[in-house]
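When a ligand or atom number is given, it counts from 1 through the structure's own listing order.
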Amino acid sequence: MTVRVRFAPSPTGPLHIGGLRTALFNYLFARKHGGTFILRIEDTDQTRFVPGAEEYIIETFRWCGIKIDEGQTVGGPHEPYRQSERAEIYRKYVQQLIDNGWAYYAFDTPETLEELRKEAEANGKTFTYDASTRMSMKNSLTMPQSELQRLIADSTPYAVRFKIPQNREVEMNDIIRGHITVNTSTLDDKILIKSDGLPTYHLANVVDDHLMGITHVIRGEEWLPSLPLHILLYEAFGWLDSMPQFAHLPLILKPEGKGKLSKRDGDKAGFPVFPLRWVSPEGEVSRGYREDGYLPQAVVNLLALLGWNPGTEQELFTMDELCQLFDLERVSKSGARFDPEKARWFNHQHLQICSKDFLVVEFVKLLKERDIVARTEYISKVLDLIRDRLYFIQDLWEQGHFFFERPVEFEPKTVQKRWKAELVSHLAKIASIIAASKPFEAQQIKADVSAYIEQNGLGFGVVANALRLALVGDAKGPDLFSIIELLGGEEVTARIDFAIHNIKL
Ligand code: GLU
């Protein structure tokens with residue numbers, strides 16, 4: 001059996017990282033087993049359709065390196081892969097269910113149903129369209145054939161409902177959750193085809209999984225309650241023999257550990273819950289991992305470990321490694337807590353191991369935005385000095401700007417603490433010692449400066465702090481003498497001179 005899995009999002013908004021994790025697990029599972037990864041767009045609910053949501057998913061996959069084997073953008077043997085374009089198919093299949101007694105026409109108007117709901121509510125109950133009520137409703141089970149034909153001929157709006165068998169145990173197997181039994185008395189006669197002629201999620205989902213030869217349905221835990229209905233649908237169609245296996249993934253939980261991770265949690269604590277920035281049709285902006293300076297490798301890595309573990313201590317993985325290691329056996333039942341600090345850590349780690357060429361390109365972009373041109377070799381040397389300080393792509397500038405621009409302002413607190421009037425005359429001298437240092441290398445410069453400090457009875461720390469302030473504008477940065485080596489004697493002299501004349505005590 002060749003594995004065929006699908007990610008089947010409804011384009012109702014930007015893809016949440018929970019959805020991306022589901023897509024990733026499907027993709028990894030397909031790769032691990034040499035199978036096929038399908039993207040199917042479940043857009044039959046026209047009222048919830050959001051323009052741009054489908055493109056957002058495709059762009060997210062491109063960014064993360066998730067390659068679609070079959071789907072609207074790449075084609076495949078089961079086109080179309082967008083459910084709104086498959087309405088005819090579902091109508092044909094639902095007819096089969098009506099013909100063999102598994103489904104029926106229901107003509108109850110929304111008003112009638114609303115009234116029944118209200119009435120039940122007034123009595124502290126909930127109205128369910130099921131075995132206990134269906135025979136008192138206006139449907140093809142309760143009317144003569146002639147009336148049914150008349151209503152259909154008159155184009156009276158109707159829905160098609162599934163006829164849930166009465167009082168039966170539905171047996172289910174879930175790869176992650178094991179064996180589950182549900183009695184049909186807890187299920188209602190779900191609508192399969194709505195009055196607009198389009199199918200509901202349940203019908204379209206099952207029909208397509210069957211037609212597309214899906215072998216494993218890997219999806220979020222929120223779909224577990226739908227599983228008994230889906231199993232009954234497979235039975236009703238006579239497809240039990242080729243039914244896919246199911247795996248319901250655990251929820252991604254809030255940083256506090258309770259409840260599903262939501263956009264609000266991200267907004268509150270300042271981290272994104274979407275892979276890419278999203279602007280809603282109403283203009284509301286949601287931040288994205290990409291725009292926040294995350295590497296896609298880090299996002300893939302951190303999502304892979306939300307609910308799955310490799311069974312070892314290893315935490316850093318590339319996509320290729322994950323494709324080899326991933327399996328559903330190691331997906332946990334319990335929810336996976338999202339830790340924004342850990343996300344930062346993953347990004348820091350991946351910034352240490354990603355290709356240097358990539359970082360150079362990113363650096364050039366940031367420099368260009370500021371009209372700065374620099375040689376690749378120089379950028380590369382800057383990277384060697386600041387790489388271990390990077391947490392986000394933007395840190396390239398945060399941590400390295402002073403290699404490309406002279407400080408013209410000096411951080412006031414640092415000035416107060418580190419700029420001593422009696423040092424000023426020495427700094428001019430030190431500048432000339434630095435400029436004359438040969439070879440012009442960190443170690444030699446340090447030795448020459450240290451000798452001067454000793455001869456003049458100065459403190460090394462005091463001088464170094466003042467020098468750093470003059471060169472960087474701040475108290476931060478990598479090793480001082482490496483900064484000096486890279487800036488060069490002339491630039492260092494100019495900066496010290498500028499600082500002497502511009503720092504006011
Ligand atoms: N369209 C459903 C969703 O939006 C798919 C669920 C499934 O994978 O069966 O998540």
Check: every ligand 1 N/O to protein N/O pair under 3.5 Å:
unit_1   : atom_1 : unit_2 : atom_2 : d
ligand 1 : 1 (N)  : A8     : O      : 2.8
ligand 1 : 1 (N)  : S10    : OG     : 3.0
ligand 1 : 1 (N)  : E42    : OE1    : 2.6
ligand 1 : 4 (O)  : S10    : N      : 3.3
ligand 1 : 4 (O)  : S10    : OG     : 3.1
ligand 1 : 8 (O)  : R6     : NH1    : 2.7
ligand 1 : 8 (O)  : R6     : NH2    : 3.4
ligand 1 : 9 (O)  : R6     : NH2    : 2.9
ligand 1 : 9 (O)  : Y201   : OH     : 2.9
ligand 1 : 9 (O)  : N205   : ND2    : 3.0
ligand 1 : 9 (O)  : R219   : NH1    : 2.8
ligand 1 : 10 (O) : W223   : NE1    : 3.4

message: Looking at R389 and D395, is there a salt bridge between them, counting it only when a charged N and a carboxylate O are closer than 4.0 Å?
response: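 Salt bridge flag = no for R389 with D395.
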message: Tell me whether D43 contacts the main-chain N or O of S10 through its side chain, where contact means a donor paired with an acceptor under 3.5 Å.
response: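 No; judged by distance alone, with no hydrogens or angles, the pair does not exist.
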field: With D189 via salt bridge (charged side-chain N to carboxylate O under 4.0 Å, His left out) - residues at least two apart
entry: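 Listed in chain order: R134.
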task: List in chain and number order the residues that pass salt bridge (charged side-chain N to carboxylate O under 4.0 Å, His left out) with K356, two or more places apart in sequence or in another chain; answer none if no residue qualifies.
output: D384
query: Quick one: CG on L276 to OH on Y289, what's the gap to the nearest 0.5 Å?
result: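 One finds 12.0 Å between CG of L276 and OH of Y289.
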- request: State which residues pass side chain to side chain donor-acceptor pair (under 3.5 Å) with Y201; sequence neighbours excluded, sorted by chain then number.
  value: R219
